Amino acid sequence: MLKNDLLLQALRGESLERPPVWMMRQAGRYLKEYQALRAKYDFFTRVKNPDLASDITIQPIDSLDMDAAILFSDILVIPQAMGLEVQMIENKGPFLPKTIQNKADIDALKINEAVKNLHFVFDAITVSKEKLNNRVPLIGFAGAPFTILCYMIEGKGSKNFDKAKAFCFTKRELAHELLQKITKLTILYLKEQIKSGVDVVQIFDSWSGLLSPADFNEFSETYLLQISNELSDLAPIILFPKGSWYALEKLSHSKASAIGIDWTISAKFARECTQNRITIQGNYDPCKLYQAPDLIKKDVHQLISDFGKDKLIVNLGHGILPDIPLKNAKAFVNAVKTYKETR
Ligand code: CP3
């Protein structure tokens, strides 16, 4: 039994004294313990060695005591397992030397073998669960099919992912073939993560906000719904379609347990669109963690009163930045823990 299951309670929509808190990218560079391992091992060594990956997963729990751990891994292990080379270039980000361009490239992508190639993730989950020793739930994750397509076509990070969007609009059929293939693997992958012990899964659609509402329906939502329909009986799901404010109403009727939102969406708008049908996760601007701790505390208490303490998971609106002082990250977590409703 979990000693702290606030996250699971919030995902079930139960009324709580205070909401749970965790931070996207909480296992990462703002922690000196992470930097120490980063100096010794390259990125995919850290990801693929279950002992290292699980140590990194636990680091933020040991030093900041959030209400959930998230597995240290990356969304790009999916294209890698399907057969594409993925490099992580120091201070620049991901690079895929060979991108997807045509039908032959899509046909060459593996699915069944890919699940086997991902066994290091399932091992890292098993070891992380042991090391967590039931302190808090463990969140597993995958990239949303549209976001994975973005990297597979573009080959690297991009401001607008023009090439990836152009592929969707000019080679519509091929784009759907690719999205469907990624979706199929993602479902198998997440089912295996759940079997290995994750308590919750989050789907990161980091680039869905680049799409118009109609294009989101076609290229992203279709596949997000397939994934939630397949998994919702197995574990609670958090969908994070970053920037897609227009998707809130429709996704609030989906089988997901929560929707993640970024800081461009107000509490009032989010609650109006979702009518308390679903838990909301978010949405503090990660840049505001540069402010002094007392200001962070004030903001977090305001955020909780704006959303209401129930059906809320306090988080950032995107990942924590690498140079945030530890005391500021602590102020964020502690502000949630000291929240008391004042009536
Ligand atoms: O949240 C966590 O603490 C768990 C670990 C996690 C990582 N990546 C580790 C990581 C998670 C959940 C991800 C997801 C991920 N990876 C996303 C979706 C979320 C988002 O941020 O939009 C995306 C788009 C990626 C792809 C990716 N990985 C990029 C663009 C980069 C480089 C940019 C950057 O932030 O450095 C990575 C590298 C990466 N993934 C790092 C970490 C800790 C930094 C690399 C390092 O420490 O050397």
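Indexing begins at 1, ligand by ligand and atom by atom, following the structure's order. Computed from a prediction, not measured in an experiment: that's the story for all the values here. Sequential numbering from 1 along the given sequence is applied to the chain's residues.
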[X] side chain to [Y] side chain, donor-acceptor N/O pair below 3.5 angstrom:
X	Y	answer
Thr57	Gln59	no
Gln180	Gln226	yes
Ser206	Thr147	no
Tyr30	Arg25	no

Worksheet item: Got Ile313 and Val21 here, is their nearest side-chain heavy-atom distance under 4.5 Å?
Response: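 Result no, sub-4.5 Å side-chain heavy-atom pair not found.
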Worksheet item: Considering only heavy atoms from C-beta outward, does the side chain of Glu249 approach that of Gln275 to under 4.5 Å?
Response: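 They are not in side-chain contact.
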What part of [X], side chain, backbone, both or neither, has a heavy atom within less than 4.0 angstrom of ligand 1?
X	answer
Arg38	side chain
His318	side chain
Leu71	backbone
Arg46	side chain

Among all protein heavy atoms, pick the one closest to [atom] and tell me residue, atom and distance.
atom	result
atom 34 (C) of ligand 1	Arg29 NH2, 3.2 Å
atom 40 (N) of ligand 1	Asp74 OD1, 2.8 Å
atom 41 (C) of ligand 1	Phe43 CE1, 3.7 Å
atom 14 (C) of ligand 1	Ile75 CG2, 3.7 Å
atom 12 (C) of ligand 1	Phe141 CZ, 3.4 Å
atom 15 (C) of ligand 1	Arg25 NH2, 3.6 Å
atom 47 (O) of ligand 1	Tyr34 OH, 2.6 Å
atom 24 (C) of ligand 1	Tyr151 OH, 3.3 Å

Worksheet item: Between Arg271 and Asp306, does at least one N-O distance fall below 4.0 Å, as a salt bridge requires?
Response: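 Looking at Arg271 and Asp306, the cut-off is not met.
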Worksheet item: Is it true that Lys195 and Glu192 make a salt bridge, defined as a side-chain N closer than 4.0 Å to a carboxylate O?
Response: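 Looking at Lys195 and Glu192, the cut-off is met.
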With [atom] as the reference point, say which of [options] has the nearest heavy atom.
atom	options	value
atom 38 (C) of ligand 1	Met88, Glu90, Lys92	Met88
atom 5 (C) of ligand 1	Ser206, Pro60, Ser73	Ser73
atom 30 (C) of ligand 1	Cys150, Pro94, Gly93, Gly157	Pro94

Output the list of atoms in ligand 1 that are nearer than 4.0 Å to some heavy atom of [X], sorted by atom number.
X	answer
Phe72	9 (C), 43 (C)
Phe204	12 (C), 18 (C), 19 (C)
Ala27	3 (O), 43 (C)

Item to complete: Spell out, as yes or no, whether a donor-acceptor pair under 3.5 Å connects the side chain of Asn283 to the backbone of Asp262.
Response: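 Between the backbone of Asp262 and the side chain of Asn283 there is a qualifying donor-acceptor contact (under 3.5 Å).
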Fill in: side chain to side chain contact (heavy atoms under 4.5 Å, CB included) partners for Ser212, two or more places apart
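By the side chain to side chain contact (heavy atoms under 4.5 Å, CB included) rule, Ser212 matches Ala214, Asp215.
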Worksheet item: Mind checking whether Phe161 and Tyr151 have ring centres under 6.0 Å apart?
Response: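 Under 6.0 Å, so yes.
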Discussion item. Under 4.0 Å from atom 32 (C) of ligand 1, is there at least one protein heavy atom?
Written reply: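 Protein heavy atom within 4.0 Å of atom 32 (C) of ligand 1: present.
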Worksheet entry | N or O pair under 3.5 Å between Trp22 and ligand 1 |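 Min N/O separation from ligand 1 is not below 3.5 Å for Trp22.
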Worksheet entry | Test of proximity, Trp207 against ligand 1: N or O pairs below 3.5 Å |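 The answer is no, given that Trp207 and ligand 1 share no N or O pair closer than 3.5 Å.
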Discussion item. Check this for me: Lys184, atom NZ, are more than 12 non-hydrogen atoms of other residues, nucleotides or ligands nearer than 6.0 Å?
Written reply: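 12 or below, so no.
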Fill in: Residues in ring pair (Phe, Tyr, Trp, His ring centres under 6.0 Å) contact with Phe307, at least two apart in sequence or another chain
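In terms of ring pair (Phe, Tyr, Trp, His ring centres under 6.0 Å), with neighbours along the sequence ignored, Phe307 is linked to no residue.
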